[in-house]
Protein chains: 2
Amino acid sequence: MASGVDSFYFLSLGFSLLQVVKCDCMKMVRQKIQIKKIDNLTARQVTFSKRRRGVFKKAQELSTLCDAEIALIVFSATGKLFHYSSSSMMQLIERHRGLSENSDKLGQPSLQLLKENNSYAMLSKMLVDKTRELRNFNRQLMGEELQGLDMDELIKLEKMVDGGLNHVVEAKNDKCLKEISLLKKKESKLMEENAKLKKQAEKSEGTGNGIEQSNSSDCTSNSRGSDTSLRLGLPFAN
Amino acid sequence: MASGVDSFYFLSLGFSLLQVVKCDCMKMVRQKIQIKKIDNLTARQVTFSKRRRGVFKKAQELSTLCDAEIALIVFSATGKLFHYSSSSMMQLIERHRGLSENSDKLGQPSLQLLKENNSYAMLSKMLVDKTRELRNFNRQLMGEELQGLDMDELIKLEKMVDGGLNHVVEAKNDKCLKEISLLKKKESKLMEENAKLKKQAEKSEGTGNGIEQSNSSDCTSNSRGSDTSLRLGLPFAN
DNA sequence: ACATCTATGTTTAGGCT
DNA sequence: GAGCCTAAACATAGATG
């Protein structure tokens, strides 16, 4: 809407007959606020809710746009916790601790500490690399990070993923067939049993006791998974 | 400035002499961006710098306005650390730990490790986990680790990989078409030039100097990659 | 890499439901 | 609270120095 009004208007001809009236008909709705604690409790809560969402959104955007790793922890005045992290909160906190620990100690760090810190830094870097690797691959599969690649790379990637897909489909088909054959076996067994029972019933028909077979529906209960992505250990989980 | 233009203008009198011309003289300066990793490195760095400042400002404002306690940790893609906390970072992190340790996922370091506060050990464990995660995924795509999965999981995996394949193929086709059209353009340009040169040659035929055009063959040199898997940052590399 | 500018795009204060 | 609306305030993409 703003874009419609925001453009410039030129009057191509001006006899003094015409007059341009600037109309500020709406009363002022919003004024600049100063950054200090909001007095009114409800207003403060509302603002907290609104701005909190804003900050989290900005943090996520920054992480996505610029490939940054971000951890954000917010406690409301009432003690409620809100948090976000682009990867693992723990990992980020640990890295932070490792890096800012140096500045804690003003005294001379011992050789021991130096060594530790050194390998710590290395470990930290390796972890970062692994995390990024995982994230990049995710992005490539999700189709985000594909514009930067040239034909050679795309073809290579396609072959790789296609191969993976084949493997998965193969395994799936295999599993499927096995499960089907298993079920068929079960079925024939049951039918056999069923027939036997019917015969028996016919023999002793004096009681009038009709036996019906219930198609046991839980024979595939093992294919009921809880959280698949968790069990798969896939990077897509987050 | 915007406020001056944003108001409404009424023309109080209109003989048909007057004319209001809407003028969109300026070219579009800014377009809506989508939230995905910025391709261009420098643009990404600039955006990181700008937006980082924005997020930190927002966090501080939220803290001040609403009396909230906030900890914000940001690692740039290059590993540089930026952080802010409204009070004590350690205190906030500890509080966060205390509250969120219940929801500890399986993949996270054990409570024992946490209690020992041994960040080195923890980092080490996280690295191992990440590596395992990556390796598992590799194996799944390579078809090694698929027997353990049941139908549901396999189908989910298939969908995921299939989706990824689609993305890749799409990107590839896109790139391919673009490259082809570019080459065609170049071709027609060259042919035009060629024709011109021929004409010239015919005109000044006295010298007998036949001009031949060399079809520049390196116009696609950008699609020559060195080690693809490395540049892709794929887990398949090892 | 940083500062500045400007024209947007986005957030949000204040109001209402 | 949570959601919606509007217009003012604010953030920032893209360009430039």
Side-chain angles (χ1 to χ4, degrees), chain A residues 1-10 22-68 70 72 74-82 84 147-148, chain B residues 1-10 22-68 70 72 74-82 84:
Chain A
M1 195 257 213
S3 66
V5 183
D6 236 4
S7 322
F8 294 92
Y9 288 85
F10 288 141
K22 184 178 173 187
C23 174
D24 280 334
C25 34
M26 302 299 175
K27 67 182 172 193
M28 234 216 324
V29 186
R30 179 183 177 181
Q31 56 216 332
K32 182 171 175 174
I33 64 157
Q34 46 184 328
I35 304 302
K36 67 174 195 63
K37 181 172 167 184
I38 297 171
D39 291 326
N40 184 310
L41 174 65
T42 46
R44 189 162 69 236
Q45 286 176 333
V46 170
T47 295
F48 176 71
S49 174
K50 285 180 174 179
R51 275 177 174 260
R52 175 172 46 78
R53 255 176 273 160
V55 173
F56 276 91
K57 186 168 172 227
K58 289 273 180 196
Q60 281 173 258
E61 289 183 352
L62 180 59
S63 159
T64 308
L65 285 170
C66 307
D67 208 24
I70 300 185
L72 176 55
V74 174
F75 283 99
S76 76
T78 59
K80 205 159 183 301
L81 168 65
F82 305 84
Y84 157 78
Q147 306 84 333
Chain B
M1 196 255 208
S3 66
V5 182
D6 234 6
S7 322
F8 294 95
Y9 287 84
F10 289 132
K22 183 178 174 187
C23 175
D24 280 334
C25 36
M26 302 300 175
K27 67 182 174 195
M28 245 232 299
V29 185
R30 178 183 176 181
Q31 54 213 331
K32 183 170 174 173
I33 65 157
Q34 46 183 330
I35 303 302
K36 66 175 197 60
K37 181 172 166 183
I38 296 171
D39 290 325
N40 185 306
L41 174 65
T42 47
R44 189 162 69 237
Q45 286 175 332
V46 171
T47 295
F48 177 72
S49 176
K50 285 180 173 180
R51 275 178 174 261
R52 175 171 46 78
R53 255 174 273 160
V55 173
F56 276 92
K57 189 171 169 222
K58 289 272 182 198
Q60 282 172 258
E61 290 184 353
L62 179 60
S63 159
T64 310
L65 285 169
C66 306
D67 206 22
I70 300 185
L72 176 55
V74 175
F75 282 98
S76 77
T78 59
K80 204 158 184 302
L81 168 66
F82 306 84
Y84 157 78

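Hydrogens, waters and symmetry mates play no part in the numbers below; they use all other heavy atoms, side chains included. Note on naming: letters A, B, ... go to the chains in the order of the sequence lines (proteins, then strands), and numbering restarts at 1 for each one.
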Quiz item: Hey, is the side chain of B:Lys50 pairing donor to acceptor with the base of D:dG14 inside 3.5 Å?
Solution: yes
Exercise. Would you kindly give the CG-to-P distance between A:Leu62 and C:dT10, to the nearest whole Å?
Key: 16 Å
Quiz item: Can you tell me the Watson-Crick or wobble partner of C:dT17, both distances under 3.5 angstrom?
Solution: D:dA2
Quiz item: Below 4.0 angstrom from OP1 or OP2 of D:dG14, is there any side-chain N or O of B:Gln31?
Solution: yes
Quiz item: Taking atom P of D:dG1 as reference, at what distance in whole Å does atom CZ of A:Arg52 sit?
Solution: 10 Å
Practice problem: Specify the residue among A:Gln45 and B:Lys57 whose closest nucleotide of DNA chain D lies further upstream toward the 5′ end. | Solution: A:Gln45
Quiz item: Rounded to the nearest 0.5 Å, what separation is found between the CG atom of B:Leu62 and the CZ atom of A:Phe56?
Solution: 8.5 Å
Practice problem: May I have the distance from A:Arg30 (atom CZ) to C:dC16 (atom P), rounded to whole angstrom? | Solution: 17 Å
Exercise. Could you check how far CD of A:Gln60 sits from P of C:dT10, rounded to whole Å?
Key: 16 Å
Quiz item: On a plain distance test, is the side chain of A:Lys58 in donor-acceptor contact with the base of D:dA11 below 3.5 Å?
Solution: no
Practice problem: Using a heavy-atom cut-off of under 4.0 Å over every strand shown, decide if A:Lys32 touches base, sugar-phosphate, or nothing. | Solution: sugar-phosphate
Practice problem: Look at the side-chain N and O atoms of A:Ser49 and state whether any lies under 4.0 Å from the OP1 or OP2 oxygen of D:dG1. | Solution: no
Quiz item: Starting at CZ of A:Phe56 and ending at C1' of C:dT12, how long is that distance when rounded to a whole Å?
Solution: 17 Å
Quiz prompt | Nearest atoms (heavy-atom pairs only) where B:Cys66 meets A:Ala77 | solution = O-CB, 4.0 Å
Self-check item: A:Arg51 side-chain N/O to C:dA13 phosphate OP1/OP2 under 4.0 Å
Solution: yes
Exercise. Indicate the atoms forming the closest heavy-atom contact of A:Leu72 with A:Ala59, along with that distance.
Key: CD2-CB, 4.1 Å
Practice problem: Give the rounded distance in Å between these two atoms: CD1 of B:Ile33 and P of D:dG14. | Solution: 7 Å
Quiz item: Using a cut-off of 4.0 Å on non-hydrogen atoms, how would the nucleic acid contact of B:Thr42 be classed: base, sugar-phosphate, or nothing?
Solution: nothing
Quiz item: Within this structure, what is the CZ-to-P distance between A:Phe48 and C:dT11, rounded to whole angstrom?
Solution: 18 Å
Quiz item: Which heavy-atom pair separates A:Ile33 from A:Arg51 by the least distance, and what is that distance?
Solution: CD1-NH2, 4.1 Å
Quiz item: In whole angstroms, how far is the P atom of C:dA1 from the CG atom of B:Asn40?
Solution: 12 Å
Exercise. For atom NZ of A:Lys80, decide whether the heavy atoms of other residues, nucleotides or ligands shown that lie under 6.0 angstrom number more than 12.
Key: no
